[in-house]
J.: 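Here it is: the structure, laid out below.
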Amino acid sequence: MMITKFCFKKYFVICFLMIFFVSSAQKKFTIVLDAGHGGHDVGATRNYDFGTPQEKDITLNIVLKLGKMLEENKNFRVIYTRKTDMYPSLTERTNLANRSKADLFMSIHVNSSASKSATARGTETFVQGPNQNRENLEVAKKENDVIYLDAKDREVFASYDPSSPESLIALKIQQGKYLERSLHIGSFIEENFEKGGRFSRGVKQANLHILRMSAMPSVLIETGFVNNYEDAVFLSSDEGQRKTATQIYNAVLKYASKNLVAAAEEPRKKQEKKEMPLKNDFRILLMSTPIKYNYGDPAFKGLNYILPIKENGLYKYYYAVTNLASVRDANLKTARDAGFRNATSVGFVPFQTLRSGSYTLEVYVGKDRLPSDSYILKNLKDVKREKANGVFYYTYGSEKTLEAIVKLQKSLEEKGIKNSVIQKLNK
Ligand SMILES: [Zn+2]
């Protein structure tokens, strides 16, 4: 009240500065809460006599309860990747976290094990690291699978927007420097689960995209197994969710009290020296082959963000895209390490208009003609058909830039026409 009156009268500028310094001195500890899955992606689920618990609901309930506790403490600022039953893409989740310059990222999940006996139970918390064993690989596969399904993520990585630094963060930030702090919060969380009577499987490392792409200390918490009856009952109940949220909350308090002082004192270090972007975008050419592979095929040896472009009868499979030299070199190394020994980087001029020729989309290839009532022909007008060596090729659209054809490809995916391939026609 006093300050307001004082401000209102005269010393507006001085007052503004005062408020500015007071607020910047009490920088809030920012936490991004990510309720795993959501919307069409229900996550792990199981049928029981008492109902059908779904991972997406459990994670949201825990996050909302945890968020409320944190918001009631004035030291914290909470950012949610979702507060309702919706599905933000992986990139949307991590971009939000990175943009908000959060101090901590927590992704909440529910586990399920492959074994039918359902003996696996308890909690485990993951921090980013190399896959250490087969079991962790399974978790990585399950949680990463989401992005194979995700057209939005594909688009971000297929048509890199040079004005968006976020799309680079994924590849640029070395999670290593956050590992120690991630391990701290992870061990506090598991400690509290155990104190609260849960069975803790401990803190583990796995190569999870959601952790790798977050430029801050990050953990992925598996709050229990949906295919274990006791865990499922516990996590489905209001009380179980509240207990879980409280245990995580207490771990955050302990972690923040150690890091709050350090965070306030240490002015956010400017990203070392800023690397200047190159004129061209660079993709890594993995292979040229007459074989058409669909997205997620084992032929890609686990690499994501693949863009196939067909030219002169060969499919060229490109991996990732960047306009930073350091990232390009890192991508090339990733590809070679994955087993593509002859991988090379190829420059693309952004928004380059083809002088001759055009891009089109190959929407179907097969020995049989598409019936006129097929989904593709019913939903697309002016589909072209060609026959060569007894095989029918159906193409759609004509664009002069790669960016435009990627956009068209995305619109087809939204209509449910997947696995179309960009084709470069030279005349
Ligand atoms: Zn999950």
Side-chain angles (χ1 to χ4, degrees), residues 32-48 52-67 80-94 96-97 104-115 118 120-129 131 134-150 152-153 182 185-186 189-190 193 198-214 218-228 231-232 234-236 240-241 244-245 247-248 296 304:
V32 175
L33 294 182
D34 175 44
H37 310 268
H40 64 84
D41 174 22
V42 298
T45 183
R46 202 51 65 109
N47 287 318
Y48 288 110
T52 307
Q54 292 188 323
E55 177 174 6
K56 67 168 184 175
D57 301 324
I58 296 171
T59 61
L60 183 60
N61 288 338
I62 293 174
V63 155
L64 292 178
K65 287 179 164 67
L66 172 59
Y80 301 85
T81 58
R82 67 180 180 101
K83 288 183 96 169
T84 57
D85 184 17
M86 59 174 298
Y87 179 78
S89 75
L90 177 83
T91 338
E92 282 167 344
R93 293 174 204 245
T94 49
L96 177 71
L104 181 61
F105 179 88
M106 295 201 287
S107 189
I108 313 285
H109 287 257
V110 175
N111 230 330
S112 79
S113 64
S115 89
R121 66 186 175 102
T123 65
E124 52 194 7
T125 297
F126 286 88
V127 300
Q128 174 60 25
N131 294 314
R134 229 186 104 244
E135 216 180 311
N136 290 1
L137 199 67
E138 283 306 307
V139 171
K141 246 175 74 190
K142 258 187 304 191
E143 303 299 6
N144 285 344
D145 265 353
V146 173
I147 78 162
Y148 285 102
L149 307 170
D150 195 332
K152 284 186 201 162
D153 289 317
S182 304
I185 177 70
I189 291 166
E190 287 302 318
F193 282 154
R198 301 293 305 282
F199 174 72
S200 166
R201 301 158 65 92
V203 181
K204 297 174 176 180
Q205 287 191 313
N207 193 16
L208 299 167
H209 297 302
I210 193 119
L211 299 179
R212 183 160 51 79
M213 291 167 69
S214 304
S218 309
V219 288
L220 185 145
I221 307 168
E222 295 281 5
T223 53
F225 283 80
V226 77
N227 61 322
N228 175 277
D231 275 7
F234 180 77
L235 290 173
S236 303
Q241 291 164 1
T244 305
Q247 286 150 5
I248 299 172
N304 300 312

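The first residue of the sequence shown is numbered 1, and numbering continues consecutively from there. Since this is a predicted model, take the numbers as computed values, not measurements. Both counts, for ligands and for their atoms, begin at 1 and track the order of listing.
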J.: Carefully, step by step, assess V63 and R82 under the rule side-chain contact (heavy atoms from CB on, under 4.5 Å).
T.: CA-CA 9 Å; V63 155; R82 67 180 180 101; over 6 Å; no
J.: At a threshold of 2.8 Å, where the distance has to be below it, does the Zn ion (ligand 1) have an N, O or S atom of E222 nearby?
T.: no
J.: With the side chain counted from C-beta on, respond yes when I108 and T223 share a heavy-atom pair under 4.5 Å apart, and no when they do not.
T.: yes
J.: Of all the N, O or S atoms in E55, which one sits nearest to the Zn ion (ligand 1)?
T.: OE2
J.: Quick one: the NE2 of H37, the Zn ion (ligand 1), ND1 of H109 angle, rounded to 10°, please.
T.: 100°
J.: Among E55, E124, K56, which residue meets the side-chain hydrogen bond (donor to acceptor under 3.5 Å, both in side chains) test with H109?
T.: E55
J.: Looking only at side chains, do T123 and E190 share a donor and an acceptor under 3.5 Å apart?
T.: yes
